[in-house]
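Each remark here refers to the structure printed beneath this line.
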Amino acid sequence: MSIASFCFVVTVIVTLLITAVAGRRGQRRADLYAAGGKLKGWQNGLAITGDFLSATTVLGITGLYVGSGWDTAIFYLAPLAGLTLMLVLVAGPMRRLGRYTLGDVMTSRLDDGRLRVFIGVNAVGISLAYLLAQMVGAGTLISLLFGLDFTAAVAIVGSLMATYVAVGGMLAATWVQMVKAVLLAGAVVLLSVLALARIGSLGSLYARAGSASGLGHVIVVPGGMHLSLFSSLSLGFGMVLGFVGLPHLLIRFFTVGNARDARRSVSFATTLIALINILLFVVVGPAAVALVTGNPHYADAAGHLKGGVNMATVHLADALGGEWLTGIVAAIAFSTILAVVAGLTIAASSATAHDVVKTLIRPRALTENGEVLVFRLTAVVISLLAMGLALVFQHENVAFLSALAFGIAASTNFPLLMLVLYWPRLTTAGALAGGLVGLVGSVTLIVLSPAVWVKLFHFPAPVFPSDYPALVTAPLAFATAVLVSLWSANSVADNRA
Amino acid sequence: MQSGKSPKVGLVLLVCVLFAPAPLLSALSDGAARTDTDAVTSPSVYTWLVVALIVALVVVNVWSQASADAADQDGVDGP
């Protein structure tokens with residue numbers, strides 16, 4: 001058994017043990033949806049850190065650095081800006097107004113079944129799009145890391161994901177996230193220390209990176225991604241607002257006891273993510289360029305990086321620590337994928353059970369035990385659906401799915417959440433109209449974007465220039481919600497008169 | 001609506017100011033044009049700018065948490 005395979009098996013065993021222990025600790029609805037609301041601020045902060053530091057961050061953005069250099073700064077700053085907005089605008093009120101789902105918060109003032117169902121279906125759609133992107137990426141990555149067949153890799157991830165959620169719920173997912181966040185932070189620090197020890201100094205590292213690839217000065221100056229002003233602002237705007245609207249991140253605020261702990265968890269997560277992002281941006285990215293790019297050991301016959309740019313961090317681990325460090329980094333990447341897909345499945349399952357099914361079949365007709373059963377069944381169904389769709393889409397470019405999730409979250413959840421929390425004149429009609437315009441607008445513009453129109457449909461040029469439409473659709477959703485609210489409030493007043 | 005509204009607007013604007021340089025510099029610079037003419041010898045001022053922006057966002061975040069905690073004692077945070 002290779003070291004990578006050994007680390008893979010250890011990861012599976014440890015996470016299943018965590019799930020079993022979490023399952024014994026609590027099986028009530030509150031335990032499965034929100035870890036009983038008993039987590040401390042720092043514990044939830046570690047879990048939020050785990051949610052933000054997905055495989056995309058550690059593998060994908062380092063891979064992007066190898067091709068685009070400094071411009072990846074947008075991806076390191078966006079989560080921190082998003083978290084700060086979350087802290088200032090959302091964390092405290094979310095905890096105060098909700099118990100289990102985003103639907104609880106949205107309907108805290110506008111108690112309307114249609115709005116709750118819309119928010120629930122929207123949360124399922126966002127989570128499923130993001131989940132599918134993660135599953136296709138996970139299948140490819142695990143195939144490369146551990147030499148498994150794509151189908152086997154997807155089946156393993158899907159089965160483990162269903163088990164974590166159905167048996168251990170939010171508590172299991174949180175513990176896995178916490179362990180993973182600590183391991184990931186440790187791995188990034190270790191890679192940074194080893195890289196600096198190998199090369200000698202930061203100056204030498206940059207000099208070597210500058211000469212090792214064709215990137216040259218792009219490593220240290222902006223402009224490597226060649227984005228237009230609109231595309232660049234749209235990317236930044238979409239990522240920041242998308243983070244604030246992602247359901248699997250928002251429901252984390254229900255796992256702590258009060259608003260103060262909700263804010264402290266964000267503050268803790270921001271500090272830890274900032275430290276990791278600085279190391280990734282200043283040391284790990286340039287080290288990957290210096291030690292991996294242009295190294296024939298990591299190049300295929302065509303001269304490209306073996307396994308694609310997403311493998312740059314894994315190759316760097318090999319260059320710095322050989323087979324053991326590669327195995328450890330691969331296992332951490334695997335646990336990262338498992339933890340993130342589990343969190344997404346919880347968001348989709350709780351929204352289905354608590355917001356959609358419970359509302360549609362009358363609240364009093366569904367007992368707490370019945371709702372828990374629906375939650376567990378949904379987790380299994382969503383896992384099977386994600387596995388099936390991942391197999392269907394395995395040869396397609398699914399980068400648009402992440403953009404879709406961020407675009408919808410920024411154009412529906414973010415505007416509605418802000419208006420529900422901070423604008424007392426919002427009406428149900430306004431919320432529904434704004435949400436629908438945001439949803440339809442973001443889906444339409446993403447279909448017309450480079451990621452779908454050019455890369456998937458193979459048209460020569462996109463109709464809409466950016467993959468992130470929130471710069472257009474979020475203000476549109478805000479305006480629609482406000483105008484329809486004012487109009488509907490006037491209509492009610494006229495009728496009363 | 002609430003006494004904590006004005007500080008929140010200010011903090012949101014501050015976050016925008018701290019995040020905006022990254023997408024603006026990306027779009028308005030052409031790093032590739034300097035690839036063949038200049039050698040890289042150390043992290044640039046742009047690299048340290050990103051580090052400074054990250055640290056500034058952390059400071060804003062921690063300060064916001066502390067001030068919201070203080071305001072929360074009076075029950076004025078949130079809607």
Side-chain angles (χ1 to χ4, degrees), chain A residues 69-71 73-74 76-78 80-81 83-85 87-89 92-93 96-97 202-203 206-207 209-211 214-233 235-237 240 259-260 263-264 266-267 270-271 274 277-278 281-282 286 420-424, chain B residues 1-2 4-5 7-12 14-16 18-51 53-69 71-73 77-79:
Chain A
W70 188 93
D71 276 8
I74 295 175
Y76 291 119
L77 283 161
L80 301 171
L83 274 170
T84 308
L85 289 184
L87 188 145
V88 173
L89 298 170
R96 237 190 307 275
L97 297 174
L202 206 55
Y206 275 75
S211 60
L215 280 176
H217 235 80
V218 168
I219 292 169
V220 290
V221 299
M225 281 167 65
H226 306 291
L227 292 170
S228 68
L229 184 61
F230 178 81
S231 296
S232 188
L233 288 175
L235 168 67
F237 193 76
V240 173
R260 180 168 295 208
R263 289 191 295 268
R264 285 183 179 170
V266 182
S267 204
T270 307
T271 308
N277 281 2
I278 287 173
F281 183 70
V282 177
V420 163
L421 296 179
Y422 296 103
W423 195 55
Chain B
M1 185 171 179
Q2 81 229 24
K5 189 175 175 184
K8 286 187 181 189
V9 172
L11 284 167
V12 170
L14 185 57
V15 171
C16 295
L18 292 174
F19 177 68
L24 286 175
L25 282 169
S26 263
L28 301 175
S29 307
D30 186 7
R34 298 172 60 178
T35 301
D36 299 327
T37 54
D38 299 315
V40 178
T41 53
S42 62
S44 69
V45 65
Y46 295 105
T47 309
W48 296 124
L49 173 68
V50 174
V51 174
L53 292 174
I54 288 175
V55 172
L57 281 168
V58 173
V59 171
V60 172
N61 199 295
V62 172
W63 182 82
S64 304
Q65 181 240 315
S67 61
D69 280 356
D72 209 12
Q73 289 172 349
D77 177 56

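Chain letters run A, B, ... following the sequence lines, proteins first, then strands; residues in each count from 1.
- Residue with the most contacts toward chain B among A:Ser231, A:Ser228, A:Pro286, A:Ala81: A:Ala81 (heavy-atom pairs, distance under 4.5 Å).
- For the residue pair A:Leu202 and B:Trp48, the shortest heavy atom distance occurs at CD2-CH2, 3.8 Å.
- For the pair A:Leu87/B:Gln65, a side-chain contact is recorded, criterion being any heavy-atom separation below 4.5 Å from C-beta on.
- A heavy-atom distance below 4.5 Å is not found between the side chains of A:Phe281 and B:Ile54.
- Residues A:Leu80 and B:Phe19 are not in side-chain contact: their nearest non-hydrogen atoms beyond the backbone lie 4.5 Å or more apart.
- Atom OG of B:Ser29 and atom NE2 of A:His226 lie 11.5 Å apart (nearest 0.5 Å).
- One distance of note links CG of B:Asn61 with CG of A:Leu85; it measures 10.0 Å at 0.5 Å rounding.
- Residue contact with chain B, scored on non-hydrogen atoms closer than 4.5 Å, involves the backbone and the side chain of A:Thr270 alike.
- Residues forming a side-chain contact (heavy atoms from CB on, under 4.5 Å) with B:Leu49 (at least two apart in sequence, or on another chain): B:Leu25, B:Leu53.
- The distance from the CG atom of A:Leu229 to the CG atom of B:Leu24 is 6.5 Å, given to the nearest 0.5 Å.
- Side-chain contact between A:Val282 and B:Thr47: present, with at least one pair of heavy atoms (C-beta onward) separated by less than 4.5 Å.
- Nearest heavy-atom pair across A:Thr84 and B:Leu57 is OG1-O, 3.8 Å.
- Top candidate by heavy-atom pairs under 4.5 Å with chain A, chosen from B:Pro43, B:Ala22, B:Ser44, B:Ala66, is B:Pro43.
- B:Val55 touches chain A through its side chain: at least one heavy atom from C-beta onward sits under 4.5 Å away, while N, CA, C and O do not.
- For A:Val240, the part lying under 4.5 angstrom from a heavy atom of chain B is the side chain only.
- Residues A:Trp70 and B:Val50 have side chains in contact (heavy-atom distance under 4.5 Å, counting atoms from C-beta outward).
- Not counting sequence neighbours, the partners of A:Asp71 by the side-chain contact (heavy atoms from CB on, under 4.5 Å) test are A:Pro222, A:Met225, B:Ser26.
- Here the side chain of B:Ser42 pairs no donor or acceptor atom with the backbone of A:Gly203 at under 3.5 angstrom.
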